[in-house]
Structures are given as C-alpha cells and as structure tokens.
Amino acid sequence: MLEIRPITLREANAFVAAHHRHNRPTNGHKWSVAVYDGERLCGVAIAGQPIARKLDDGLTIEIRRVCTDGTPNACSMLYGACCRVARAMGYKRVVTYTLVSEPGASLRASGFTDCGEAGGGVSWNVPSRPRELYEAQTSMFGETAAKYPLEKKRRWEKVF
C-alpha cells in the first residue's frame with residue numbers, strides 16, 4: 001500500500017538525480033514529499049516558489065519536480081499530496097510544467113487543467129552569456145545528453 005511521507009530536499013534531489021528522465025535536481029524548495037511502498041521509496045515531489053516572475057504572487061506554488069520509479073499511481077498521489085499541502089498553507093494556485101511530448105495523465109487525474117504551451121524550445125545559450133548545454137559525461141548508450149530539455153513545455157494549473 002502506498003503512503004505519503006515527508007522527505008528532505010537532499011534525499012529528494014538524490015532520488016531525482018538517480019531516476020529522472022530529463023531534469024536535474026532543484027536548487028531549493030518550500031517542501032518535498034515522498035511516496036513509499038512499505039519501506040521502498042517509490043517517488044518524490046519537490047514544490048517551490050514559481051520560477052516565472054509573473055506567477056510569483058505569494059499565493060502560487062510550483063511543483064518543480066515529480067519523479068517516480070514507475071510505481072503505478074505514485075505520480076497522482078504525489079500531485080495530490082502537494083495540492084493538499086499547498087491548500088493547507090493558504091496557497092490559491094498550484095502550477096507545474098511538462099514537456100509537450102508527455103501526456104499529463106497523472107495531472108488530469110489530480111484535477112489539473114492544461115493551460116497550453118508555456119515556453120521552452122529555445123536554448124538560453126547566447127554570446128553575451130554562454131551556457132553549458134551538454135553533460136560532461138555521455139549516457140550509457142554513448143550519446144552526449146543535453147543538460148536541460150530544449151523541447152516546448154506545457155503549463156498545468158490547479159486553482160482552489
């Protein structure tokens with residue numbers, strides 16, 4: 001039986017580093033939650049202040065990472081737990097982002113609304129401020145992996 005528990009940012013980021021398909025650990029949070037099957041850690045969610053300045057109104061929280069090991073229903077449980085915490089803390093809106101190639105089934109199941117495309121698809125690497133685009137190491141398949149996905153994003157929100 002799956003159970004939601006608190007988790008430290010350090011532990012959550014370690015899980016993200018080991019299991020997330022395309023994102024790295026976050027550099028901060030307001031809170032993190034985990035889902036366990038018995039004593040086995042199945043997934044984590046990290047919530048923090050919105051990255052987009054226009055959304056950072058003090059009443060909006062962003063779910064920055066959700067990462068599981070594939071355990072059925074773990075994603076939906078994590079989204080639901082984050083929404084319950086946000087509501088209990090007085091937040092009025094929860095936002096999160098997916099790549100446009102991701103279906104968002106867990107978000108729909110958790111009551112989120114698809115707000116459409118919301119940026120991405122462009123590298124932040126510019127001559128005036130160069131960014132490192134690729135990992136120093138190659139993947140187990142011998143490919144050099146992009147540090148951050150350059151695919152378009154889709155914003156989802158849940159309003160209380």
Inset, instruction - Examine Val85 and Leu2 and state if one hydrophobic cluster contains both, with Ile, Leu, Val, Met, Phe, Trp and Tyr joined whenever side-chain heavy atoms are less than 4.5 Å apart. - result: yes
Inset, instruction - Kindly give the heavy-atom pair with the smallest separation between Gly43 and Leu78, and that separation in Å. - result: C-CD1, 3.8 Å
Legend entry - Met77-Val44 co-clustered via ILVMFWY side chain contacts under 4.5 Å: no
Inset, instruction - Take atom CZ of Arg40 as the centre, draw a 6.0 Å sphere, and report whether it contains more than 12 heavy atoms from other residues, nucleotides or ligands. - result: yes
Legend entry - Partners passing side chain to side chain donor-acceptor pair (under 3.5 Å) against Asn73 (at least two apart in sequence or in another chain): none
Legend entry - Nearest-0.5 Å distance, CZ of residue Arg87 to NZ of residue Lys92: 8.5 Å
Inset, instruction - Go through the steps to decide whether Lys158 and Tyr79 satisfy the test side-chain contact (heavy atoms from CB on, under 4.5 Å), and finish with yes or no. - result: CA-CA 10 Å; Lys158 186 170 185 175; Tyr79 283 123; over 6 Å; no
Legend entry - Audit row: Phe160, Cys83, side-chain contact (heavy atoms from CB on, under 4.5 Å) steps and yes/no: CA-CA 9 Å; Phe160 305 120; Cys83 289; 4.1 Å; yes
Inset, instruction - Working to the nearest 0.5 Å, report the span between CG of Asn13 and SG of Cys67. - result: 10.5 Å
Legend entry - Flag side-chain contact, heavy atom, 4.5 Å: Cys82 against Trp31: yes
Legend entry - Gap between atom CD of Glu11 and atom CG of Leu41 - 0.5 Å precision: 8.5 Å
Inset, instruction - Treating Ile, Leu, Val, Met, Phe, Trp and Tyr as nodes and any side-chain heavy-atom pair under 4.5 angstrom as an edge, say whether Met89 and Val94 lie in one connected cluster. - result: yes
Legend entry - Reference residue Gln49; test side-chain contact (heavy atoms from CB on, under 4.5 Å); the match among Thr60, Asp56, Ile61: Asp56
Legend entry - OG1 on Thr26 to CZ on Arg65, rounded to 0.5 Å: 6.0 Å
Inset, instruction - Determine the sole option in Asn27, Thr96, Val95, Val16 for which the side-chain contact (heavy atoms from CB on, under 4.5 Å) test with Arg64 is passed. - result: Asn27
Inset, instruction - Please report the shortest heavy-atom distance between Gly80 and Ser110, naming the atom on each side. - result: N-OG, 4.1 Å
Legend entry - Minimum-distance pair of heavy atoms, taken over all atoms of Glu157 and Cys115: CG-SG, 3.5 Å
Inset, instruction - Start with the C-alpha distance between Leu107 and Asp114, add both sets of side-chain angles, then the distance that settles side-chain contact (heavy atoms from CB on, under 4.5 Å), and finish with yes or no. - result: CA-CA 9 Å; Leu107 288 158; Asp114 182 351; over 6 Å; no
Inset, instruction - Report whether Ile46 and Phe15 are members of the same hydrophobic cluster (ILVMFWY, side-chain heavy atoms less than 4.5 Å apart, transitive linking). - result: yes
Inset, instruction - Step by step, work out the side-chain contact (heavy atoms from CB on, under 4.5 Å) result for Phe112 and Ile63. - result: CA-CA 12 Å; Phe112 280 77; Ile63 300 174; 4.1 Å; yes
Inset, instruction - Identify whether the distance between the nearest side-chain nitrogen and carboxylate oxygen of Glu39 and Arg5 falls below 4.0 Å. - result: yes
Inset, instruction - Hey, could you give me the CZ/OG distance between Arg154 and Ser101, rounded to the nearest 0.5 Å? - result: 10.0 Å
Legend entry - Non-hydrogen atoms of Ala12 and Ile7 that approach each other most closely: N-CD1, 3.9 Å
Legend entry - From Glu102 atom CD to Trp156 atom CH2, the distance as rounded to the nearest 0.5 Å: 10.0 Å
